[in-house]
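Notes follow the structure.
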Amino acid sequence: MDRRPLWRWLSLLLAAVLFGLLHFITPTYAVLAGLIGLYLGALWLATGNLLTPIVTHGTYDLLALVYLARVRGRGLGARD
């Protein structure tokens, strides 16, 4: 029995947990970040290309920044 696929998925799970912990803001956000880390890791395993999850992470960060600047920034004295 080849154990490499099992170790690959266990490593992915460990990396996702670490990703969530390193992005800890609140417990809920840490869990969501861990799920996103799981998705990004699976994306890397599926494509074999590290650039794919890097671009996906950057796109998410950009969209989150735009959301925070536009929607959340309105009540903080931002000008429209």
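Only a predicted model underlies this, so the values are computations on that prediction, with no experimental measurement involved. Numbers here simply count residues along the sequence, with the first being 1.
- By the side-chain contact (heavy atoms from CB on, under 4.5 Å) test, L10 is found to be paired with L6, W7, residues two or more places apart in sequence or in another chain being considered.
- With values rounded to the nearest 0.5 angstrom, I25 atom CD1 is found 10.5 Å from L32 atom CG.
- To the nearest 0.5 angstrom, T52 atom OG1 is 11.5 Å from L45 atom CG.
- No path of Ile, Leu, Val, Met, Phe, Trp and Tyr side chains, each step under 4.5 Å between heavy atoms, connects L14 with W9, placing them in separate hydrophobic clusters.
- One hydrophobic cluster, built from ILVMFWY side chains closer than 4.5 Å, holds both V71 and L68.
- L51 belongs to a hydrophobic cluster whose other members, connected by ILVMFWY side-chain contacts under 4.5 Å either directly or through intermediates, are V55.
- Linking ILVMFWY residues whenever their side-chain heavy atoms come closer than 4.5 Å, directly or via other members, places I54 and L38 in the same cluster.
- Taking both residues in full, the closest heavy atoms of G37 and A16 are given as C-CB, 4.0 Å, listed atom of the first, atom of the second, then distance.
- Between W44 and L40 there is no side-chain heavy-atom pair separated by less than 4.5 Å.
- With hydrophobic clusters built from ILVMFWY side chains whose heavy atoms lie under 4.5 angstrom apart, Y39 shares a cluster with Y60.
- Ring geometry for H57 versus F19: interplanar angle over 60°, hence perpendicular rather than tilted (30 to 60°).
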